[in-house]
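Below is one structure; the comments refer to it alone.
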Amino acid sequence: MRAVSVVGARPQFVKLAPLSRLLRQHMEEVIIHTGQHYNNNMSETFFTELEIARPDYNLESGSGAHGKQTGIMLERLEKHFVELKPDVVIVFGDTNTTIAGALAAVKMHIPVCHVEAGLRSFNRNMPEEINRVLTDHASDMLFAPTQTAVDNLKNEGLAERTCYTGDIMVDVLTRNIGLAEEKGEFFNKYPEFRKGDYYLMTLHRPYNVDQPEILKKILRELSGLELPIIFPVHPRTKKMIEQFDLKLGDKIFCIEPQGYLDFILLQKNCSGVITDSGGVQKEAYILQKPCFTLRTETEWVETTETGWNVLINPGPDPILERISGFKKPEIYPSIFGEDVSEKMVSHIINRIQTG
Ligand code: UD1
Ligand code: UDP
């Protein structure tokens with residue numbers, strides 16, 4: 001049995017780690033990195049820290065407009081699939097890498113397995129929404145992380161291909177959180193920060209960072225918070241801050257993107273998370289941290305329904321007021337399941353064996 005895992009962007013390396021470890025106990029796995037993310041701290045670091053086998057191939061697609069980037073990946077993936085003749089191709093999440101992997105494989109009649117299927121923001125302006133919908137409809141095995149995802153797939157006529165597995169990020173986070181406390185270096189490197197006395201922020205969505213007036217407003221309002229903000233800056237956001245020549249003030253402490261261990265250490269010890277990331281919203285919930293999501297909607301509706309995650313529309317909403325007025329809910333329901341990779345791998349094996 002041979003599986004090909006297609007990854008290329010930071011959150012996909014995180015999701016790949018627990019699945020790859022287990023897959024390799026049962027079959028051959030080939031990892032193809034599309035090269036969508038390429039900075040050391042957006043790619044290589046994750047393979048090292050999470051002990052993921054080095055990619056067998058790197059397609060070096062790099063950055064670019066959507067069509068060009070996805071097109072390069074499609075062409076190069078197809079060549080490898082012809083040679084490798086995989087029994088299954090596994091894709092993750094909702095990036096351009098995801099849709100390229102799914103589309104190249106399904107056209108060659110290779111079964112496609114989508115990890116994190118069924119998520120919907122119902123906002124078609126997001127490139128990720130288009131990637132998710134198309135990937136789900138192209139895929140044969142739809143691994144749904146939440147009940148809402150299961151329901152979304154059913155509403156689109158995809159119930160038969162759906163498998164409710166829970167969210168794979170639970171596996172990687174629970175496996176590594178102890179290690180992060182032991183090996184994380186952040187608080188040694190930056191002794192001026194005390195555990196519990198800061199917010200952690202990430203931003204990279206185009207509608208927050210590509211428009212100067214929105215990015216300016218976010219940064220200006222957040223400078224009014226009582227606690228400092230630690231801000232590992234995504235390369236897209238760094239580029240925009242430089243391009244718009246924005247000044248961040250002394251409340252917002254910009255650092256390079258962090259490795260996974262230091263990043264989850266920072267999450268575990270923060271007083272709240274401010275983000276527009278999908279994965280970070282989930283991690284904040286699993287670690288029982290208040291999360292302030294700078295978006296108009298979220299795919300992770302369970303986290304907002306329980307009151308742990310607050311949506312703030314960064315244009316019109318008073319960001320500072322919403323964060324300062326937050327009250328921690330008393331109840332914390334578990335949302336994302338456990339032993340998720342086991343469920344996925346047993347499904348994949350079953351599917352390959354039964355055809
Ligand atoms: C991509 C995904 C997004 C995901 C995010 C995770 C798409 C359409 N978007 O967004 O869904 O949430 O990854 O982080 O697939 N850059 C570098 N070095 C890198 C990577 C990017 O400098 O290693 C810069 C380049 O200027 C590039 C820009 O960041 O143009 C955007 O990168 P890209 O991969 O196109 O989109 P992301 O915003 O990272
Ligand atoms: N992450 C990290 N270092 C950082 C920022 C994020 O290791 O400086 C991890 C984070 O723990 C999560 C994943 O990257 O597992 C989320 O990726 P990202 O926010 O880039 O993408 P999204 O989830 O929004 O697609």
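Residue indices begin at 1 and follow the sequence shown. Owing to the predicted nature of the structure, the values given are computational and were not obtained by experimental measurement. In each ligand, atom 1 is the first atom listed, and ligand 1 is the first ligand listed.
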What residue and heavy atom of the protein are closest to [atom], and at what distance?
atom: atom 10 (C) of ligand 2; value: Glu283 OE1, 3.3 Å
atom: atom 27 (C) of ligand 1; value: Ser63 OG, 3.3 Å
atom: atom 19 (O) of ligand 2; value: Ser277 OG, 2.7 Å
atom: atom 25 (O) of ligand 2; value: Pro11 CG, 3.4 Å
atom: atom 6 (C) of ligand 2; value: Arg10 CZ, 3.6 Å
atom: atom 31 (C) of ligand 1; value: Arg236 NH1, 3.5 Å
atom: atom 9 (C) of ligand 2; value: Phe263 CD2, 4.2 Å
atom: atom 23 (O) of ligand 2; value: Gly279 N, 2.8 Å
atom: atom 3 (N) of ligand 2; value: Gln258 O, 2.7 Å

With a 3.5 Å cut-off and no angle check, do the side chains of [X] and [Y] form a donor-acceptor pair?
X: Thr202; Y: Ser277; value: no
X: Arg54; Y: Thr48; value: yes
X: Thr304; Y: Asn309; value: no

Would [X] count as being in polar contact with ligand 2, using the rule that some N or O on each side must be under 3.5 angstrom apart?
X: Gly278; value: yes
X: Arg205; value: yes
X: Val280; value: no
X: His234; value: no

- So which bit of Pro11 gets within less than 4.0 Å of ligand 1, heavy atoms only: side chain, backbone, both or neither?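 Side chain only.
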Proximal atoms of ligand 2 relative to [X] (non-hydrogen, under 4.0 Å):
X: Val14; value: 15 (O)
X: Pro232; value: 8 (O)
X: Phe46; value: 2 (C), 7 (O)
X: Pro257; value: 8 (O)

For [X] and [Y], work out which heavy atoms get closest and say how close.
X: Ala180; Y: Leu261; result: CB-O, 3.4 Å
X: Asn41; Y: Phe46; result: O-CE1, 3.5 Å
X: Gln281; Y: Thr298; result: OE1-OG1, 2.7 Å

- Query: For Asn96, is at least one N or O under 3.5 Å away from an N or O on ligand 1?
  - Reply: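 N/O-N/O distance under 3.5 Å: yes.
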Is there a heavy atom in [X] that sits closer than 4.0 Å to ligand 2?
X: Glu256; answer: no
X: Lys282; answer: no
X: Met42; answer: no
X: Gly259; answer: yes

- Message: Using a 6.0 Å cut-off, check whether atom CD of Glu160 has over 12 heavy atoms from anything other than its own residue.
- Response: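 No, the 6.0 Å shell around CD holds no more than 12 heavy atoms from other groups.
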- Message: I'd like to know whether NZ of Lys195 has more than 12 heavy-atom contacts from other residues, nucleotides or ligands below 6.0 angstrom.
- Response: yes
- Message: Only heavy atoms of Arg205, strictly under 4.0 Å: list the atoms of ligand 1 that pass.
- Response: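 Counting atoms of ligand 1 from 1, those under 4.0 Å from Arg205 are 11 (O), 12 (O).
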Nearest non-hydrogen atom to [atom] belongs to which of [options]?
atom: atom 13 (O) of ligand 1; options: Glu129, Lys238, His37; result: His37
atom: atom 11 (O) of ligand 1; options: Gln12, Lys239, Glu128, Met240; result: Glu128
atom: atom 4 (C) of ligand 1; options: His234, Gln36, His204, Met126; result: His204

- Message: Just to be sure I read this right, does ligand 2 sit under 4.0 Å from the backbone of Tyr260, its side chain, both, or neither, counting only heavy atoms?
- Response: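 The answer is both, backbone and side chain.
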